[in-house]
Amino acid sequence: MSKKLNKYKDAPKKTYELKNRSGFDEYIGLGRPLDIVDDLSQRTAVAIAILCLVGGIIWKMVNGMNFTDAGMFAVGMAMSIIFSFMIGQELDPDRKLGGLIGGVLSALAFAFFGTGDWVVTLWLLWILRMFTRTSGDRHQIGDNVIILGCAAYLGWEGYYLYPMLTAAAYVMESQIIYGYSSSLYLAGIAFGSLVFAKFNVHDNSLNANYLYFLMVVLFIFLPEIRLARYTKAVGDKSYQPISGSRLQIGCGFFLMIIASLSLLHGNKAVMALIPAIMAAIGCGVNLFRALVMKEVNVK
């Protein structure tokens, strides 16, 4: 009988973690570099965001809004593009176009509905990065401050499910391949932040139209989970292949986040998650295009 491996002790951690960290890498392991010079997708996303920033200011000022309010609106629209694009890169790191499609859809949603909550989006982005490790490193103290701080704040605002989901994410991360055992302690801290949470302070009803919309999103995005196993993406810092299993689990947990928050926190949760939902649609649509064009290699 072969010896049973210990996933903490025997896993080749050098493939998924950086041993020699310096500067911000000592504190922010999940941060990913911005390279608008050599990365066409990032350059395109920034260009679209700038165009929407300028166009949004002009549009609102022509319609009678003052410059300050128009500027705030345009900045929000530009941020929705960037955040949606970044989430798209976590959901499908092999195909960059999906994030761009999601960014454009998110900008349109923001222009007409004013959607998105940047604390929610930042929390979700870092949760995804903790699973996928597309940065090439695991979460450090600064990443945990971001995740736990956002979760505690949202719980204090009355959205108590965020600390619970954060605790669940840490527990799951500790148990999957290349998991970090200290995540179990962080799960306890996340769950403990419920002490500051408020309950039953919001209307948690969910509009039936939003429910149908989320069912369509689920249908569009599901193939991403199946094909995430065959990812060819590498970590930005380690230049080593990321784990397809971790990417699959991250995509699955993403859908669980969308579904549970929508069902338990209602319409407001759906609107806050629009940048992420649009990223999911963009990735799903782009994957369908790639399958039709036979650009997907699962060997």
Side-chain angles (χ1 to χ4, degrees), residues 32 34 36 39-60 69-93 95-129 132 134 150 154 159 207 209-222 224 250-251 254-255 257-259 261-262 265-289:
R32 300 185 64 184
L34 178 65
I36 61 175
D39 193 313
L40 177 60
S41 61
Q42 291 189 14
R43 187 162 66 246
T44 303
V46 171
I48 294 173
I50 292 174
L51 288 174
C52 287
L53 178 67
V54 176
I57 292 175
I58 295 173
W59 175 37
K60 288 299 181 180
D69 292 339
M72 292 297 293
F73 169 85
V75 168
M77 186 162 59
M79 286 179 62
S80 69
I81 295 171
I82 298 300
F83 270 122
S84 189
F85 171 76
M86 289 192 294
I87 290 174
Q89 304 315 289
E90 302 304 317
L91 297 175
D92 191 348
R95 287 164 284 275
K96 308 294 186 180
L97 182 58
L100 293 173
I101 297 173
V104 172
L105 293 175
S106 185
L108 292 173
F110 187 91
F112 294 101
F113 303 108
T115 59
D117 184 306
W118 311 129
V119 178
V120 171
T121 309
L122 181 64
W123 170 83
L124 178 57
L125 176 63
W126 245 252
I127 288 289
L128 287 173
R129 286 181 175 182
T132 62
T134 48
C150 290
L154 291 166
Y159 301 104
N207 188 294
N209 291 330
Y210 288 162
L211 180 60
Y212 301 146
F213 173 62
L214 291 173
M215 292 173 65
V216 172
V217 174
L218 174 67
F219 175 77
I220 293 174
F221 184 74
L222 272 178
E224 285 283 0
C251 289
F254 168 79
L255 284 185
I257 288 174
I258 299 295
L261 286 172
S262 301
H265 286 313
N267 300 330
K268 289 185 178 179
V270 175
M271 300 306 285
L273 289 165
I274 283 295
I277 293 172
M278 293 305 176
I281 294 174
C283 290
V285 169
N286 184 52
L287 178 59
F288 178 76
R289 178 203 60 81

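Note that this is a predicted model, so its numbers are computed, not measured.
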Using residues 112-122 as the side-chain source, report each donor-acceptor pair under 3.5 Å to any protein atom, sequence neighbours left out, with the distance given to one decimal.
unit_1	atom_1	unit_2	atom_2	d
Asp117	OD1	Val119	N	3.0
Asp117	OD1	Val120	N	3.2
Thr121	OG1	Asp117	O	2.9

Return all side-chain donor-acceptor pairs below 3.5 angstrom for residues 69-86, not counting sequence neighbours, or 'none' if the list is empty.
unit_1	atom_1	unit_2	atom_2	d
Asp69	OD2	Asn66	ND2	3.0
Ser80	OG	Met77	O	2.5
Ser84	OG	Gly102	O	3.1
Ser84	OG	Pro275	O	2.9

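Ile258 and Ser262 make their closest contact through O-OG, 2.6 Å (heavy atoms, listed as atom of the first residue, atom of the second, distance). Met278 and Ala109 get closest at one heavy-atom pair: CE-CB, 4.0 Å. The two residues Phe254 and Ala276 come nearest to each other via the heavy atoms CZ-O, 3.6 Å. Summarising the geometry of Cys283 relative to Phe221, their closest heavy-atom pair is CB-CE1, 4.5 Å, with the distance given to 0.1 Å.
Rounding to the nearest 0.5 angstrom, the gap separating the CD1 atom in Ile277 from the CG atom in Leu105 is 12.0 Å. Considering NZ of Lys96 and CG of Leu40, their distance stands at 11.0 Å, rounded to 0.5 Å. Here the straight-line distance linking atom CZ of Arg32 with atom OG1 of Thr132 works out to 7.0 Å at 0.5 Å rounding. Taking CD1 of Ile101 as the start and CD1 of Ile281 as the end, the distance is 11.0 Å to the nearest 0.5 Å. The CG atom of Leu53 sits 10.0 Å away from atom CD1 of Ile58, with the distance rounded to the nearest 0.5 Å. From Ile127, atom CD1 reaches atom CD of Glu90 across 12.0 Å, with rounding to the nearest 0.5 Å.
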For Asn286 and Leu100, run side chain to side chain contact (heavy atoms under 4.5 Å, CB included): C-alpha distance rounded to whole Å, both residues' side-chain angles, the deciding distance at 0.1 Å, then the answer.
CA-CA 10 Å; Asn286 184 52; Leu100 293 173; over 6 Å; no
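Of the listed residues (Leu97, Asp92, Leu91), just one forms a side-chain contact (heavy atoms from CB on, under 4.5 Å) with Arg95, and that residue is Asp92.
Evaluation of the ring-ring contact (aromatic ring centres under 6.0 Å, His included) rule for Trp126 yields no partner, not counting sequence neighbours.
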